[in-house]
Amino acid sequence: MNYWLLKTESEEYSFDDLVCDGNAVWDGIRNYQARNNLKAMKKGDKVFIYHTGDEKQIVGLAEVVKEHYPDPSDKTNTWCVIQVKALEKLKKPVTLEMIKNEKSLKDLQLLKQSRLSVVPLTKKEFDKILIVFIHKIPEIMYI
DNA sequence: GCCAACGTTGGC
DNA sequence: GCCAACGTTGGC
């Protein structure tokens with residue numbers, strides 16, 4: 001299983017929107033590195049949903065429900081989409097500041113490459129965020 | 001193939 | 001509003 005972080009502007013499409021929709025197409029990715037990450041996402045992979053802009057925080061947990069397929073709106077056949085479903089909204093969002101202040105997370109690609117909108121995390125990093133900030137036992141997530 | 005100029009994203 | 005860090009485009 002792999003672990004990811006997807007960015008979105010809450011004004012554009014928020015985690016609450018995803019909760020409402022239950023299951024949504026994650027489209028609009030127009031960056032090659034982000035697209036390659038999309039293509040690497042497998043069904044069942046766990047995903048943090050992060051709000052950019054004024055919020056700058058992880059607001060929810062989601063899961064990949066459908067692996068990549070061509071973006072129907074892209075005539076050049078260059079870009080693809082995936083589908084995700086909301087798992088749960090965080091009671092307390094994990095802010096970028098909290099992440100930056102945690103030394104063991106200093107190597108997060110999220111911090112090193114702030115422009116990338118589809119970011120991989122290692123299991124270690126994902127678990128760390130779950131345990132330290134969300135107070136969850138990772139294994140429960142993986143059933 | 002190189003690079004200057006310009007565009008975009010996202011944090012500060 | 002600005003800037004850093006990338007990406008993209010187009011002239012050469």
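Chain identifiers are assigned alphabetically (A, B, ...) following the order of the sequence lines, protein sequences preceding nucleic acid strands; residue numbering begins at 1 within each chain.
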Considering only heavy atoms from C-beta outward, does the side chain of A:Gln109 approach that of A:Leu5 to under 4.5 Å? no
Mind checking what makes side-chain hydrogen bond (donor to acceptor under 3.5 Å, both in side chains) contact with A:Trp4, not counting sequence neighbours? A:Asp45
For nucleotides 2-6 of chain B, which of its nitrogen or oxygen atoms have a protein nitrogen or oxygen under 3.5 Å away, and what is each distance?
none

Specify the separation, in whole Å, of atom CG of A:Leu96 and atom C1' of B:dG10. 10 Å
Would a hydrophobic clustering, with Ile, Leu, Val, Met, Phe, Trp and Tyr connected at side-chain separations under 4.5 Å, put A:Val19 with A:Val59? yes
Within residues 28-40 of chain A, find the residues that approach DNA chain C with a heavy atom at under 4.0 Å, and present them sorted by residue number. A:Tyr32, A:Gln33
When you check the gap from the basic side-chain N to the acidic O, do A:Arg30 and A:Asp71 get nearer than 4.0 Å? yes
To the nearest 0.5 Å, how far apart are CD in A:Glu63 and NZ in A:Lys43? 9.0 Å
Rounded to whole angstrom units, what separation is found between the CH2 atom of A:Trp79 and the C1' atom of C:dT8? 11 Å
Separation between CD1 of A:Ile82 and NE2 of A:His68, rounded to the nearest 0.5 Å: 10.5 Å
If you apply the rule side-chain contact (heavy atoms from CB on, under 4.5 Å), what do you find for A:Leu90 with A:Phe15, and how did you get there? CA-CA 10 Å; A:Leu90 302 190; A:Phe15 186 76; over 6 Å; no
Is the distance between the ring centroids of A:Phe126 and A:Phe48 less than 6.0 Å? yes
How long is the line joining NZ of A:Lys7 and C1' of B:dT9, in whole Å? 8 Å
